[in-house]
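Scroll down for the structure; my scribbles are underneath it.
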Amino acid sequence: MSRNFPVRARLVPPGLAAALAAALALTGCSGPAPADAERAAEPPLGAVAVNPATASLALPLDAYQDTAEENRRMDAVQDRLTSRCMARYGFGYAAPASPPASAAAAGDRHRYLYGLADPAYAAAHGYDKDAGAPRPPKPHGPPLGDSAYTVMYGERPGVPGASGPDPRTQEEADETPSGIAVGGRPVPPGGCQREGYRKLYAPAKDSVDLLYAFGLASEAHTRAGRDSRVRAVLAKWSSCMAQGGYPGLPGPYDVQRKLGLAADPGGPRAVRAAVRDVACKREVNLVGVWAAAEAAYQQRLIEEHAETLALYARQRAQRFRLAAALA
């Protein structure tokens, strides 16, 4: 029996920088104002750029995170490893092509880290992040028969969740039977999809979690959002918004929700709010101050986690060498 299954979400989030911006937007300026002890521990700021374009921002932890194009390349490598695994069981498998990264994502990894910041985009599209960009259809993989499905996902069709153990690393997987066999051959724990991921991102027991640097960046963003200097500039931004007819906005991540713009983020009301939002950011240099604070907190975390980050960097370089070998 042949089944045409939709492609499951990748085990490696594509476009980590974009994901970071979306995830951090929920926590960046939340929480109470810093206490005196926290304020005393705030790191000194380096140079504070005046209204920098987000495309020009370079934060310290960027060195440990893939660009949009590198993510695409790693996706392709993971697909090749998965296909090789499927071939061991006699199944051909070609993953559907990933959609190309948008020009904005490719050239501006911090585009929405502090909310909308581009005055020209605000005037043209408001908060509509997808304006003018075609939405690619949801990819579907090739039809998989029941046996191929079991090999791919490490579970029987119609019995989701019954996939057995799921070791974190390939080294551990090599020592862990899945309890599932096809054609008399044991299936890797989690199937070929998981094996493709583990061989690329977690081959050995000392493999650093793929999202380790992402987690540090998230922590730095949260700390920066509580920094007294960022709080001060947020208060000025909020006052500027109130003077423009938008009171009660504690931070730029609250605008669409509090103003009820989500249903029509590119409509006239959204454009007016977005223009005011970006103008207020520029009036108080919100992006410049926040980015300087974030860079300082990232640098502090890099120093605190230097040993693990050094190992992560070596393993990332090994991934790139594997990608080149499989190209």
Side-chain angles (χ1 to χ4, degrees), residues 6-7 9-10 13-29 49 51-59 62 65-72 75 96-140 217 221 234 237-238 240-241 244-246 248-288 290-291 294:
V7 174
R10 283 191 185 277
L16 285 180
L20 173 63
L24 300 188
L26 300 177
T27 59
C29 53
N51 294 320
T54 53
S56 72
L57 297 179
L59 298 175
D62 290 351
Q65 300 187 68
D66 292 352
T67 63
E69 183 53 40
E70 287 168 339
N71 270 310
R72 272 180 53 79
D75 283 350
S98 299
S102 68
D108 192 351
R109 65 168 68 191
H110 302 304
R111 184 175 180 84
Y112 292 106
L113 189 54
Y114 309 110
L116 184 63
D118 182 340
Y121 195 94
H125 307 296
Y127 294 101
D128 187 356
K129 296 181 181 180
D130 300 318
R135 298 190 178 184
K138 186 175 181 180
H140 280 73
H221 188 77
L234 282 168
W237 172 88
S238 181
C240 176
M241 290 295 286
Y246 302 101
L249 296 172
Y253 305 136
D254 302 297
V255 177
Q256 291 188 69
R257 178 178 58 83
K258 283 189 171 288
L259 299 183
L261 304 175
D264 189 15
R269 287 184 61 239
V271 167
R272 287 193 295 272
V275 168
R276 180 68 183 184
D277 176 6
V278 175
C280 287
K281 285 189 175 89
R282 296 179 68 81
E283 180 176 313
V284 304
N285 194 24
L286 185 146
V287 173
W290 202 336
E294 188 145 349

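For clarity, every value in this text was computed on a predicted model and none was experimentally measured. Numbering of residues begins at 1 and proceeds along the displayed sequence.
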Minimal heavy-atom distance between M241 and A273, with the atoms involved, is CE-O, 4.2 Å

Separation between CG (D66) and CZ (R109), nearest 0.5 Å, reads 8.0 Å

Residue set satisfying side chain to side chain contact (heavy atoms under 4.5 Å, CB included) with V284, at least two apart, ordered chain then number -> V233, K236, W237, L286

I want to check something: taking the side chain as every heavy atom from C-beta on, are E294 and L57 in contact at a cut-off of under 4.5 Å?
no

Taking every heavy atom of V278 against every heavy atom of A122, the minimum-distance pair comes out as CG2-CB, 3.8 Å

Residues at least two apart in sequence or cross-chain that pass side-chain hydrogen bond (donor to acceptor under 3.5 Å, both in side chains) with S238, listed by chain then number, are none

What side-chain donor-acceptor pairs closer than 3.5 Å can you find for residues 257-268, not counting sequence neighbours?
| residue | atom | partner | partner atom | Å |
| --- | --- | --- | --- | --- |
| R257 | NH2 | D254 | OD1 | 3.2 |
| D264 | OD1 | G267 | N | 3.3 |

Residues pairing under salt bridge (Lys or Arg N to Asp or Glu O under 4.0 Å) where one sits in residues 276-286, two or more places apart or in two chains, turn out to be D277-K281

With sequence neighbours left out, the residues meeting side-chain hydrogen bond (donor to acceptor under 3.5 Å, both in side chains) with D62 are H110

Rounded to the nearest 0.5 Å, the CG atom of L113 sits from the CG atom of L59 at a distance of 7.0 Å

Mind checking whether L234 and W290 have side chains closer than 4.5 Å, heavy atoms only?
yes

In this structure, OH of Y127 is separated from OH of Y112 (nearest 0.5 Å) by 11.0 Å

Notebook entry, point to check: Between N51 and V287, is there a donor-acceptor pair closer than 3.5 Å when you use the side chain of the first and the backbone of the second?
Noted result: no

Nearest heavy-atom contact between P52 and A49 is CD-O, 3.8 Å

Between G126 and V271 the two heavy atoms that sit nearest each other are N-CG2, 3.7 Å

_For a 4.5 angstrom cut-off between non-hydrogen side-chain atoms, does Y121 reach L116?_
yes

